[in-house]
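Presented below is the structure to which this report refers.
As a basis for the values below, the full set of heavy atoms in this structure was taken, side chains included, without hydrogen atoms, waters or symmetry mates. Every value quoted in this text rests on a predicted model; they were computed, and no experiment measured them. Ligands are counted one by one from 1 in listed order, and the atoms in each one are counted from 1 as well.
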Amino acid sequence: APGGAVLVFHDVTRLRELEGLRQDFVANVSHELRTPLSLVKSAAETLLDGGKDDPAALTRFLEIIDKNANRLTLLIDDLLLLAQLDSGRVELHLEPVVLRAAVQDALDDFAAKAGARGVTLEHEVPAGLVARADVNRLQQVLANLVDNAIKYGAANGRVAVRGRALADGRVEMSVRDDGPGISPEAAARVFERFYRVDKARSRELGGTGLGLAIVKNVVQAHGGEVRVESTPGAGAEFFFTLPAAGS
Ligand code: ADP
């Protein structure tokens, strides 16, 4: 029947789209792995070629190896987590989470990093706000957003974490910075895997390009939504919603 033919055609188009996405992803992953790997390789070669006999060079090249091995580890951890989220294999341990306490934990972890950049961390989550969430995954979401706000926000700036109950009972959290912000074109893409506004700068700051993709997937696994608002030049604010504790 003609209807059947149309349906088959449609399916094939969608399959091709998915296949294209998969190929892009594999190409991206390969590229991202190759960069630190080639730095490890050339540092090792330099040491073997005699660099090891010069104490200053020895330390410098071992540091390069160490730094890039760490990068590879971070990248693989993020890739594994995304693969688990994709396949729905991540089991969420949902329980009532007092958000003020969860945010305090996340901010404590970043006190030193913020201090090093002169950034003030502001905690504006009211007591009594409770979500139904997996506390470890939530920590990961908060950590990625706070880390980005410190890294990409203004030096000596302010990063504020806020939270409120929405009228429909959900909870909305946000992390705001007062850095350069994000253009509307970039804002539409920042939650994509490996999308970065400035690749070189992101790598230099230790980013894998997967942080916001993980944020989005974890929040969606909770049934929530993510979005970003930014006035370029006046900072960015990343929002996510979670179900309320009673739901
Ligand atoms: P990365 O590892 O590069 O930080 P993310 O997925 O966390 O990867 O972020 C993707 C990109 O979004 C970043 O490379 C950066 O260009 C941009 N970005 C993220 N957070 C902010 C922010 N608070 N202000 C400006 N740009 C940001």
For G209, state whether at least one heavy atom is located under 4.0 Å from any atom of ligand 1.
yes
For F238, atoms of ligand 1 separated by under 4.0 Å from a heavy atom:
20 (N), 21 (C), 22 (C), 23 (N)
For S87 and R89, does a side-chain donor sit closer than 3.5 Å to a side-chain acceptor?
yes
Looking only at heavy atoms, is any part of K151 under 4.0 Å from ligand 1, and if so is it the side chain, the backbone, or both, or is it neither?
side chain
Charged N-O contact under 4.0 Å between D147 and K113:
yes
In terms of side-chain heavy atoms, does Q104 have a donor or acceptor partner in D108 at a distance below 3.5 Å?
yes
Side-chain donor-acceptor pair present, E225, T241, cut-off under 3.5 Å
no
Salt bridge flag under 4.0 Å for residues E45 and K52:
no
For atom 14 (O) of ligand 1, what is the closest protein heavy atom, and at what distance to 0.1 Å?
R196 CG, 3.2 Å
Given F194, Y152, F191, Y195, identify the one with the heavy atom nearest to atom 10 (C) of ligand 1.
Y195
Quick one: does NZ or CZ of R227 land under 6.0 Å from the six-membered ring centre of F239, within 45 degrees of the ring axis?
yes
Identify whether the distance between the nearest side-chain nitrogen and carboxylate oxygen of D86 and R193 falls below 4.0 Å.
yes
When you measure from the heavy atoms of D177 to every atom of ligand 1, does any distance fall below 4.0 Å?
yes
Would you mind checking if R162 and E237 are paired as a salt bridge, meaning a charged N to carboxylate O distance below 4.0 Å?
yes
Closer than 4.0 Å to some heavy atom of T208 - which atoms of ligand 1 meet that?
2 (O)
Non-hydrogen atom of P180 closer than 4.0 Å to ligand 1:
no
May I ask you to decide whether R22 forms a salt bridge with E17, counting only side-chain N to carboxylate O separations under 4.0 Å?
no
Quick one: which of L74, V197, D178 has a heavy atom closest to atom 16 (O) of ligand 1?
V197
Under 4.0 Å, heavy-atom basis, I'd like to know which part of I182 is in contact with ligand 1: side chain, backbone, both or neither.
side chain
Closest protein heavy atom (residue, atom, distance) for atom 3 (O) of ligand 1
S202 OG, 2.5 Å
Could you identify the single nearest non-hydrogen protein atom to atom 12 (O) of ligand 1 and state the distance to 0.1 Å?
V190 CG1, 3.4 Å
Can you sort out which atoms of ligand 1 are near G181, meaning under 4.0 Å from one of its heavy atoms?
25 (C)
Please check whether A236 reaches ligand 1 - meaning an N/O of the residue sits under 3.5 Å from an N/O of the ligand, judged on distance alone.
no
Who's the nearest protein heavy-atom neighbour of atom 20 (N) of ligand 1, and how far?
N148 CB, 3.4 Å
For atom 5 (P) of ligand 1, what's the nearest protein heavy atom and its distance?
L212 N, 3.6 Å
Salt bridge between E192 and R189, side-chain N to carboxylate O under 4.0 Å?
yes
Considering residues, nucleotides and ligands other than R117, do more than 12 of their heavy atoms fall under 6.0 Å from its CZ?
yes
Contact between ligand 1 and R193 is defined here as a heavy atom of the residue under 4.0 Å from a ligand atom; is it met?
no
